[in-house]
Amino acid sequence: MLRQLWTALRTGIVTEPPARVSDLERVGERLAAEITRAFGRSLHIRQVDAGSPNCCEIEISGLTGPHYDLERFGLHFVASPRHADCLLVTGPVTRNMAEPLRRTWEATPDPKLVIAVGDCGRDGGLFRGSYAVAGGVADVIPVDAVIPGCPPSPAALLAGLLDAIRRRR
Amino acid sequence: MIAAIAVAVAQVIVVGAGAPLLVGVLRTLKARLVGRRGPSPWQPYADLRKLLAKEVVVSTTTSWIFRATPYVLAATMLVASLIVPVFLARPPLAFPGDVILLMYLFLLGTFFLALAGLDAGSAFGGMGSSREVAVAALAEPTIIVAVFALAMRAETIDLARVVERFSREPLLAANPAHLLAFAAFFIVMLAETGRLPVDNPATHLELTMIHEAMVLEYSGRYLALVEWASAMKLCLFMTLLANLFFPWGAGGLTGPAAIPLGVLVLAGKLVLLVIALAVLETTVAKLRLFRVPELLAGSFALAILSVMAVVLV
Ligand code: SF4
């Protein structure tokens, strides 16, 4: 326990300082400003896996780590769609997940945002045309924005979130 | 009369308005300890304001219990803030045996929250409720026994008098009973407020949740009330811990400057406790659910030992 604490104190903050990732930081700052305007500097995100092979999720969970640390911009991942302002949907929507996705959308209180992540979320990507796939996210629920990429980098995800919030207003 | 009302209003405001800040500071500190920059300490206020403006989605299978629970929770915590000695030794609602009322106010909130968790009929809600009730049943006797150990030492059962006596005679606290009761109360505080070795407040894993699992169904202003009430609960427990076990500064204050001075003293004590809690939460892992009763049984044993120490020493 003491060793762990010592490591934590010695390592300090590893979230990248502004000079080194000016792009990410700029996007993040703009995102924070937009969120402030639209939601009062608090955006709760529910991540929904509608059938993705989990590669986009790894990038998304990268956002919560010390390096990108999206919590400092007022974003936060939550455990229930009822707590969320934004659904981050990954993957092609498989036939089995179409109904749960629709229900998740219904369970999310207004005002809400839906963002489709990755090429899979856009139109099915790699899996387009498969007999098990119902299509992209937009084929099942209304989508406000798409973040393309296979997978999109965490920086691209932040930029996409910013774009989505802008477009909504 | 007017002074008493002023103290009552000030206590409610300090607890009600300060609790989200306490939670925010705790989260920021925890983020710093794992090397993140973390959210600002004011983030909980932004969250609450946003939630108040949002739509409420309520499952069609719920009854009035689900809708009444957030109000019951907030109301019990506000009443409880009149009983806890917050910054003066003598809270507005002090009477002999008030600790029992305090305990049952906390439990009333827990009871309604557990019912609300069951009400929506979701699997995770029921799981959370059964766990919460199990933890509450194990934690409750410890709190009472630990506080009684102090009460026996101070020879009164009135919380206010306990605080007054200990701040007047600091040597009374130099006793193994005090230390044992403190350890017992601290462990129980972690369990009751859903902190780390018992429950992880930052978890997203439904299978390991306790408190979170019960509030999964809440949204909008109901969620805001529930979150606010649980922040107040943490604040009240920490205040109780600070003022019962380290009462110096809380008693003896009089005159017009008593309230601001008392608030400052309280803030200082709470900052120390929050730092301790953040360090604890970043260094320990969550206990397996079946180990939690062992931890709580341990804390109960400490409380009993504390009472025995009062009698024997
Ligand atoms: S878009 Fe690419 S990276 Fe994302 S889930 Fe689909 S296959 Fe994986």
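Numbered from 1 within each chain, the chains take letters A, B, ... in sequence-line order.
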Checking the side chain of [X] only, and the main-chain atoms of [Y] only, is there a donor and an acceptor separated by less than 3.5 Å?
X        : Y        : answer
Asp47(B) : Ser42(A) : no
Lys54(B) : His83(A) : no
Asp69(A) : Arg36(B) : no

Might you confirm whether atom [atom1] of [X] has over 12 heavy atoms from other residues, nucleotides or ligands at distances under 6.0 Å?
X         : atom1 : answer
Phe111(B) : CZ    : no
Arg95(A)  : CZ    : yes
Arg102(A) : CZ    : yes
Asp139(A) : CG    : yes

Between Val57(B) and Thr108(A), the two heavy atoms sitting closest are CG2-C, 4.2 Å
Any idea which heavy atoms bring Ser219(B) and Pro109(A) closest together, and the distance?
CB-CG, 4.0 Å
Heavy-atom check, side chain of His44(A) versus side chain of Lys50(B), under 4.5 Å:
yes
Working to the nearest 0.5 Å, report the span between CZ of Arg72(A) and OG of Ser40(B).
13.5 Å
With only heavy atoms counted, which part of Leu33(B) is less than 4.5 Å from chain A, the side chain, the backbone, both or neither?
both
Which region of Thr28(B), side chain (C-beta onward) or backbone (N, CA, C, O), has a non-hydrogen atom less than 4.5 Å from a non-hydrogen atom of chain A, or is it both or neither?
neither
Side chain to side chain contact (heavy atoms under 4.5 Å, CB included) between Lys112(A) and Glu55(B), worked out
CA-CA 10 Å; Lys112(A) 61 190 160 195; Glu55(B) 181 201 32; 5.8 Å; no
Between Leu223(B), Thr283(B), Val215(B), which residue shows the highest count of heavy-atom pairs closer than 4.5 Å to chain A?
Thr283(B)
Pair Leu216(B)-Arg82(A), side chain to side chain contact (heavy atoms under 4.5 Å, CB included): steps then yes or no
CA-CA 7 Å; Leu216(B) 281 178; Arg82(A) 293 201 203 277; over 6 Å; no
